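One structure is given below, encoded as structure tokens.
Not measured: the values here are computed from a predicted model. In listed order, ligands and their atoms are each counted from 1. Just so it is clear, the values below take in all heavy atoms, side chains as well, and ignore hydrogens, waters and symmetry mates.
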Amino acid sequence: MPHYSIFTLARNALTGHDRWTEAWRSPPLKPHYDVVIVGGGGHGLATAYYLAKEHGITNVAVLEKGWIGGGNTGRNTTIVRSNYLYDESAGLYEHSLKLWEGLTRELNFNIMFSQRGVMNLAHDHHEARDLKRRVHANRLNGVDSEWLDRKAVLKFCPVLNGDPGIRYPVYGATLQRRAGVARHDAVAWGYARGADAAGVDIIQNCEVTGFTIDQGRIAGVETTRGVVKARKVGVVVAGHASVLAGMAGIRLPIETHPLQALVSEPLKPILHTVVMSNAVHAYCSQSDKGELVIGAGSDLYVSYAQRGGFNVIEETMTAIVEMFPIFSRVNMMRQWAGIVDICPDASPIIAKMPVAGLYFNCGWGTGGFKATPGSGHVFAHTIARDEPHPINAPFTLERFSSGALVAEHGAAAVAH
Ligand code: FAD
Ligand code: PYC
């Protein structure tokens, strides 16, 4: 029995991190699986979990080139909301939000889901009109959404700068009260533990380097640990989808950009909600550890560097200090970037590919964390039944030739 310090026990109790995450080691790789999932982020692990739980498919391997949850799942700012404009997106993200609401109980793992509300600020009349339109669209889709005028915004979040003379004064905001934040790595660990318990093999340090395709049908994957045969392969590798698709001879309409975030030193509780602003390209919340979690706009250039440009952070901090002058003397502790896959319509692809038995789930861009449970749920359905779930049916690859886009750019409320 290993010895645990009081600090470890306290952290485990607070974060849901338990002995499983410390004691667990990758099992040996088998030569053949019914399904191989490439990518051990939250989406890949959730897919494996639902394949086992909802479809009884347990001869499954999740192959991860690094460590589970070490990609965008462990690098994001954890905002969970479903206030998207279009019916297709509202259906997808609301499905996910409903799963979030029961996830700690479902996984018996504290994912620290905190429905503290997400506000999207409007700084002028035009933004207000746009955001009000979204409130109405959300309500028509059964998604909770409210419009707050300037006075109500400042009452709800008094640390915001209420000075009407600043560059971007607060004009009003939308508020989704059921939205909030969760603990990012706990989501990966919770799904991993659930999948592992159902018999799924989770293999870390195993990079997929190619696909075996036999007469137009997937037959397996090539990896840094040898060839693995599989009847079906699901690929969920945020930031690297076009690289993997290229290995199968498929061209995806995706661009890859760094997206940055940073956290401050821990503070006593000061910000009880999530505040986002499209216009100033910044957003902020406070983690349960007390750190301010601050996100930036995405870097404009295409890159795979998990670092990002300094100019973006400078602009973000200028915006944050203007929005919250009270934070102007807080020290920033850590900064990083993740690599996000962006589709031209800012919506994901969750679909069958032209190679039989091959499925891709990608293109979540800057907003896929919130989708983790819903994405895994519908992707498992798509793989198990070889046809989309009604919720992901619109999110095809063909929409880029048919024109049936789900154009969420600007409507997704993200400051990128
Ligand atoms: P990942 O967690 O990246 O998992 C993919 C995995 O695939 C990685 O672990 C990687 O190592 C692995 N992989 C890659 N290539 C291979 C290979 N060849 N073989 C095997 N494995 C491979 N979304 C929100 O909803 N809310 C937010 O607040 C938010 N904030 C963000 C802030 C930042 C700074 C960033 C970078 C992203 C943010 N996102 C947010 C987006 C969100 O993080 C992602 O959309 C989501 O986490 C993607 O999850 P995933 O499981 O698909 O990807
Ligand atoms: O989709 O809400 C979001 C988001 C916030 C920060 C990055 N993405």
Side-chain angles (χ1 to χ4, degrees), residues 36-47 61-84 89 93 96-97 100 118 120 176 179-182 184-185 187-188 191 203-211 221-225 235-244 247 257-263 274-276 278 281-285 293-299 304 306 308 312 316 335-342 346 348 350 360-372 374-376 379 408 412-416:
V36 161
I37 301 294
V38 187
H43 288 230
L45 294 162
T47 306
V62 178
L63 307 183
E64 165 54 48
K65 78 171 174 188
W67 64 94
I68 57 169
N72 286 348
T73 299
R75 292 165 181 274
N76 75 87
T77 45
T78 81
I79 296 175
V80 174
R81 58 184 176 83
S82 62
N83 56 349
Y84 281 67
S89 325
Y93 292 101
S96 201
L97 181 49
W100 278 109
V118 171
N120 293 106
Q176 184 179 19
V181 288
H184 43 20
D185 39 11
V187 178
Y191 274 122
I203 317 282
Q204 302 187 103
N205 299 314
C206 180
E207 180 172 355
V208 169
T209 52
F211 296 98
V221 292
E222 293 157 21
T223 80
T224 44
R225 291 167 63 174
V235 182
V236 212
V237 292
H240 298 84
S242 41
V243 177
L244 272 283
M247 293 175 191
H257 292 261
L259 177 64
Q260 302 187 53
L262 66 166
V263 290
V274 182
V275 179
M276 303 178 73
N278 255 346
H281 287 280
Y283 58 93
C284 189
S285 66
V293 181
I294 294 170
S298 54
D299 287 35
Y304 288 90
Q306 289 180 314
V312 176
T316 299
Q335 169 275 340
W336 64 91
I339 302 303
V340 297
D341 280 342
I342 305 181
I350 319 167
F360 265 68
N361 182 338
C362 57
W364 292 95
T366 59
F369 177 70
K370 68 178 76 62
T372 305
S375 155
F379 197 41
E408 281 290 343
V414 187
H416 311 118

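Checked by atom type and distance alone, the side chain of N72 pairs as donor or acceptor with a backbone atom of I339 at under 3.5 Å. At distances below 3.5 Å, at least one donor-acceptor pair connects side-chain atoms of Q176 with backbone N or O atoms of S82. Listed for the S285 side chain is no donor-acceptor partner under 3.5 Å among the backbone atoms of V274. Checked by atom type and distance alone, the side chain of H257 pairs as donor or acceptor with a backbone atom of D299 at under 3.5 Å. T78 contributes a side-chain N or O that, together with a main-chain N or O of A182, makes up a donor-acceptor pair within less than 3.5 Å. Between the side chain of H43 and the backbone N or O of G368 there is at least one donor-acceptor pair closer than 3.5 Å. Judged by distance alone, with hydrogens and angles left aside, the side-chain atoms of T223 form no donor-acceptor pair with the main-chain N or O of C206 at under 3.5 Å.
Residues W364 and D341 have side chains not in contact (no heavy-atom distance under 4.5 Å, counting atoms from C-beta outward). Between I203 and R225, the closest side-chain pair of non-hydrogen atoms falls below 4.5 Å. A 4.5 Å side-chain heavy-atom check between F369 and V181 finds every atom pair outside the cut-off.
Applying the side chain to side chain donor-acceptor pair (under 3.5 Å) test between Y283 and each of T316, T77, N120, N278 identifies T77 as the sole match. Paired with Y93 under the rule side chain to side chain contact (heavy atoms under 4.5 Å, CB included), one option of E408, R81, K370 passes, and it is K370.
The single protein non-hydrogen atom nearest to atom 8 (C) of ligand 1 is E64 OE1, 3.4 Å, given as residue, atom name and distance. Nearest to atom 31 (C) of ligand 1 among the protein's heavy atoms is N76 CB, 3.2 Å. The protein atom (non-hydrogen) at minimum distance from atom 13 (N) of ligand 1 is V237 CG1, 3.6 Å. In terms of protein heavy-atom proximity, atom 17 (C) of ligand 1 is nearest to V208 N, 3.8 Å. Protein heavy atom at the shortest distance from atom 50 (P) of ligand 1 is H43 CD2, 3.6 Å. Residue, atom and distance of the protein heavy atom nearest to atom 1 (P) of ligand 1 are N72 N, 3.5 Å. Protein heavy atom closest to atom 7 (O) of ligand 1, with residue, atom name and distance, is G39 CA, 3.4 Å. What sits closest to atom 4 (O) of ligand 1 on the protein, heavy atoms only, is G41 CA, 3.3 Å.
Listed by atom number, the atoms of ligand 2 under 4.0 Å from G367 heavy atoms are 1 (O). When each atom of ligand 1 is checked for a heavy atom of L244 under 4.0 Å away, the hits are 18 (N). Numbered from 1 in the order shown, with element, the atoms of ligand 1 that lie under 4.0 Å from a heavy atom of V38 read 19 (N), 20 (C). Taking a cut-off of under 4.0 Å to the non-hydrogen atoms of T77, the atoms of ligand 2 that pass are 6 (C). Heavy-atom contacts of K370 reach the following atoms of ligand 1: 24 (C), 25 (O) (cutoff under 4.0 Å). Interface atoms of ligand 2 facing M276, defined by a heavy-atom separation under 4.0 Å, are 2 (O), 5 (C). Within ligand 2, the atoms closer than 4.0 Å to a non-hydrogen atom of K370 are 1 (O), 2 (O), 3 (C), numbered from 1 in the order shown. Short contacts between ligand 1 and G365, defined as distances under 4.0 Å to a heavy atom of the residue, involve ligand atoms 41 (C), 45 (O).
Between Q260 and ligand 1, no N or O atom pair is found at a separation short of 3.5 Å. The shortest N or O to N or O distance between W364 and ligand 1 is not below 3.5 Å. Checked by distance only, ligand 1 and F369 come closer than 3.5 Å through their nitrogen or oxygen atoms. At a 3.5 angstrom cut-off on N or O pairs, G338 does not count as close to ligand 1. Not one N or O of A337 is nearer than 3.5 Å to an N or O of ligand 1, by distance alone. In terms of polar-atom proximity, defined here as any N/O pair under 3.5 Å, G66 makes no such contact with ligand 1. Remark: ligand 1 and T73 share an N or O pair separated by less than 3.5 Å (distance only, no angle test). Close N/O approach between E207 and ligand 1 is not found [any backbone or side-chain N/O within under 3.5 Å]. Looking at G70 next to ligand 1, no N or O pair under 3.5 Å apart turns up. Remark: ligand 1 and W336 share no N or O pair separated by less than 3.5 Å (distance only, no angle test).
Comparing heavy-atom distances from atom 28 (O) of ligand 1 across L63, I203, V274, T77 singles out T77 as nearest. The closest heavy-atom contact to atom 33 (C) of ligand 1, among the options V181, T372, V80, L259, comes from L259. Distances from atom 5 (C) of ligand 2 to the heavy atoms of T78, V340, I79 show the closest one on I79. Atom 6 (C) of ligand 2 has its nearest heavy-atom neighbour, among W364, Y283, F369, in Y283.
The backbone of R75, and not its side chain, has at least one atom closer than 4.0 Å to an atom of ligand 1 (non-hydrogen atoms only; backbone = N, CA, C, O). Under 4.0 Å from ligand 1, the heavy atoms of T366 that appear belong solely to its backbone. For C206, every heavy-atom contact with ligand 1 shorter than 4.0 Å involves the backbone, none the side chain.
Between F360 and F211, the angle of the ring planes lies from 30° to 60°, which puts this pair in the tilted group.
Remark: M247 CE to E222 CD distance equals 9.0 Å, nearest 0.5 Å.
Heavy atoms only, all atoms of each residue included: G69 and A188 are closest at CA-CB, 4.0 Å. Closest approach of A179 and V118 over heavy atoms only: CB-CG2, 3.5 Å. Closest non-hydrogen pair, C362 versus A241, comes out as CB-CB, 3.4 Å.
A heavy-atom separation below 4.0 Å is not found between G239 and ligand 1.
Using a 3.5 Å distance cut-off with no hydrogens or angles, the side chains of N361 and S375 do pair a donor with an acceptor.
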